[in-house]
Amino acid sequence: MTLRQTVSPPLKSERPEGRSFLLDLLKAIGCVLIVLHHQAFYGPMSDVVAVQWPALIDWLTDHGRLAVQVFLVCSGYLTAAGFSRSPPMDARRLLTLAGRRYLRLAMPLLAALSVTVLVTEAVRPVFDHPSLSAPPQWLQVMAHVFFLQHLLDMEALSAGVWYVAIDFQLYLLALGVMWGTALWLRWRPGWRAEPLRLQVIAVLTLLSLLRWNLNTDLDLYGVYFFGAYGMGWLAWRARQSRIPPKGWAILLGLGLLALWVDPRWRITTAWATAMLLAAAPSAWLQTAVVRSGWSTAVSQVARISYSVFVIHYAVILAVSAWITHAWPQSLAANAAGMALALGLSLVAGGGLHRWTEQKNQDWRHWFLWLAVFIASAALAMFRAGDALQA
């Protein structure tokens, strides 16, 4: 079984002006869609529910993955905002920022994978289903540590792990743009930094939309997704322009050109999200003035969305194994199981967020979670070996 590349959540990024309600809302909706999409895609609870509600399950299976485009645009938007306040890029700063990004992504992932490999082996005896990955191997474990599993053509140990690697690649590309333009300005000091960066981002976005994104063989690489990421960057820049309609027109033209070349739902979704972020009233991008229970919940789900993404598959496996073993054909039990898996995923994501994202993200804590992951993988291998001997 190969865990398919489906969707992925937003990642923790710098914000231009504190918390933004519109960005939080997009992330929260996408977070819930991701969990439901993976339940619909992998089953087996959704297979029972589909008998009564086939249209709903089909929509979640086919279109729930479009949430990834929303997250890509939001990530590009926030990355552009964060870099706008950064000092000039040099090699040392590039390595520092790359290391920080890696730690931010890796610590929650290592913790979540530790749980996932153990849950997988625990449910395997009673849950014979294609969604279970094979017992881990040592080279496969180390490939996950450095986000290389798909590039090395190895099975993922959890759903959506590929996107963590894509996010890191996109961030490295953005760092490369910042560094490359800084080097160019040293040789040609008469150029202005921000217009030059914007031109490079626009060219990369255009190349991705019109060429790289049309080649599915490139979907393991960041360049395949740079069209959506770059539109997010351009959306932020449009908001900073003294003539915002000029930025809107550029985004409008990019989207129309990309869809004229090849109509794609994923690009339509990214384009619509970028236009929304570029043209939304300023009040939508501020923290909600009146803090209601609803807006607080949206903000909290958005805050923990990355942790929910990396841990939710383990929760789905555990709940699916229980429901399928106890009530394999019950519509009510399987529908309730899907709702339960969603709720428990949010709870588990909140706990993981506190234990990893809210802790100091340094190399000492990374070594701790690396050790936990290696120990969990070793235990899973030992259990799988005992099962084979039995």
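Start at 1 with the first residue, then count along the sequence. Being a predicted model, the structure only gives us computed values, none of them experimental. Side-chain atoms are counted along with the backbone in the values below, which use heavy atoms only and exclude waters and symmetry mates.
What you find for L173 and G222 is that their closest heavy atoms are CD1-C, 4.3 Å. Here the closest heavy-atom approach between residue A314 and residue V119 is recorded as O-CG1, 3.6 Å. When all heavy atoms are compared, the tightest approach of T79 to A174 is CG2-CB, 4.2 Å. Residues H38 and A159 approach most closely at CE1-CB, 3.8 Å, considering heavy atoms. When all heavy atoms of L60 and A40 are compared, the closest pair comes out as CB-CB, 3.7 Å. Across every non-hydrogen atom of S307 and G349, the tightest pair is CB-O, 3.3 Å.
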What side-chain donor-acceptor pairs closer than 3.5 Å can you find for residues 200-212, not counting sequence neighbours?
residue	atom	partner	partner atom	Å
T205	OG1	I201	O	2.7
S208	OG	V223	O	2.8
S208	OG	Y224	O	3.4
S208	OG	F226	N	3.4
S208	OG	G227	N	2.8

Distance-only donor-acceptor hits, side chain of residues 245-258, under 3.5 Å, sequence neighbours excluded:
residue	atom	partner	partner atom	Å
W248	NE1	A278	O	3.1

Name every donor-acceptor pair, under 3.5 Å, that has one atom in a side chain of residues 319-330 and the other anywhere in the protein, sequence neighbours excluded.
residue	atom	partner	partner atom	Å
S320	OG	I316	O	2.7
T324	OG1	S320	O	2.7
S330	OG	A333	N	3.1

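Residues L151 and L113 share a single hydrophobic cluster, defined by chaining ILVMFWY side chains whose heavy atoms lie under 4.5 Å apart. In the hydrophobic clustering of this structure, V48 does not group with Y42; members are Ile, Leu, Val, Met, Phe, Trp, Tyr whose side-chain heavy atoms approach within less than 4.5 Å, directly or through other members. A single hydrophobic cluster is not seen to contain both V347 and Y306; linkage of ILVMFWY side chains at heavy-atom distances under 4.5 Å, directly or through other members, places them apart. Cluster membership check: V261 shares its hydrophobic cluster with M231, using side-chain heavy-atom separations under 4.5 Å among Ile, Leu, Val, Met, Phe, Trp and Tyr. Connection of I57 to V51 is not established within any shared hydrophobic cluster, with ILVMFWY side chains joined at heavy-atom distances below 4.5 Å, either directly or through further cluster members.
S75 places no side-chain N or O within donor-acceptor distance of the main-chain N or O of F71, the cut-off being under 3.5 Å. Q39 places a side-chain N or O within 3.5 Å of a backbone atom of M338 that can act as its donor or acceptor partner. Here the side chain of R239 pairs a donor or acceptor atom with the backbone of L277 at under 3.5 angstrom. In terms of modelled atom types and a separation under 3.5 Å, the side chain of H365 and the main chain of D362 share no donor-acceptor contact. Here the side chain of Q361 pairs no donor or acceptor atom with the backbone of M107 at under 3.5 angstrom. Here the side chain of S345 pairs a donor or acceptor atom with the backbone of A341 at under 3.5 angstrom. Remark: side-chain polar atoms of H37 are not paired, donor with acceptor, to backbone N or O of L33 under 3.5 angstrom. Panel note: side chain R264, backbone D262; a donor-acceptor pair is recorded below 3.5 Å.
In this structure, the side chains of M381 and V141 come closer than 4.5 Å at one or more pairs of heavy atoms. Annotation: side chain of W284 is in contact with side chain of L276 (closest heavy-atom distance under 4.5 Å). Side chains of L344 and L340 form a contact here, defined as non-hydrogen atoms less than 4.5 Å apart. Taking 4.5 Å as the limit, every side-chain heavy atom of T296 sits out of range of all side-chain heavy atoms of Q300. Using a 4.5 Å cut-off on side-chain heavy atoms (C-beta onward), Q137 and L139 make no contact. By the 4.5 Å heavy-atom criterion applied to side chains, N213 and R266 are counted as neighbours. Counting heavy atoms from C-beta outward, P44 and F127 have side chains that approach closer than 4.5 Å.
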* Asked: Between S133 and T120, is a side-chain contact (heavy atoms from CB on, under 4.5 Å) present by the stated rule, with each step listed?
  -> CA-CA 7 Å; S133 60; T120 300; 4.2 Å; yes
* After noting the C-alpha distance and the side-chain angles of L157 and Q140, does the key distance pass the side-chain contact (heavy atoms from CB on, under 4.5 Å) rule? -> CA-CA 9 Å; L157 296 173; Q140 181 187 23; 3.6 Å; yes
* **side-chain contact (heavy atoms from CB on, under 4.5 Å) assessment of V145 paired with L110** => CA-CA 7 Å; V145 172; L110 293 175; 4.0 Å; yes
* Criterion side-chain contact (heavy atoms from CB on, under 4.5 Å) on V115 and L352, from CA distance to verdict -> CA-CA 11 Å; V115 176; L352 183 62; over 6 Å; no
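Atom SG of C74 is separated from atom CD of Q69 by 11.5 Å, given to the nearest 0.5 angstrom. Atom CG of residue L183 and atom CE of residue M178 lie 12.0 Å apart, to the nearest 0.5 angstrom. For the atom pair E121 CD and S376 OG, the distance stands at 11.5 Å (nearest 0.5 Å). Separating the OG1 atom in T269 from the CG atom in L72 is a distance of 11.0 Å, to the nearest 0.5 Å. Summarising the geometry, atom CG belonging to L66 is positioned 10.5 Å from atom CD1 belonging to I267; distances are rounded to the nearest 0.5 Å. With values rounded to the nearest 0.5 angstrom, H150 atom NE2 is found 7.0 Å from H144 atom NE2.
By the side chain to side chain donor-acceptor pair (under 3.5 Å) test, N334 pairs with no residue at all, sequence neighbours left out. For the ring-ring contact (aromatic ring centres under 6.0 Å, His included) test, residues two or more places apart in sequence or in another chain that qualify with W184 are W191.
For residues 44-55, no pair satisfies side-chain hydrogen bond (donor to acceptor under 3.5 Å, both in side chains), with sequence neighbours left out.
Tested against I304, the residues R354, K27, E357, H353 include a single side-chain contact (heavy atoms from CB on, under 4.5 Å) partner, H353.
F168 and F147 have perpendicular rings, their planes meeting at more than 60° on a 0 to 90° scale where under 30° would count as parallel. Using cut-offs of 30° and 60° on the angle between ring planes, the pair W366 and F146 is tilted.
Taking a 6.0 Å sphere around CH2 of W260, one finds it holds 12 or fewer heavy atoms contributed by other residues, nucleotides or ligands.
You'll find the ring centres of Y163 and F225 outside the 6.0 Å limit. Ring centroids of Y171 and F83 are separated by less than 6.0 Å, placing the two rings close together.
With hydrogens and angles left out, the side-chain atoms of R237 and Q240 include no donor and acceptor closer than 3.5 Å.
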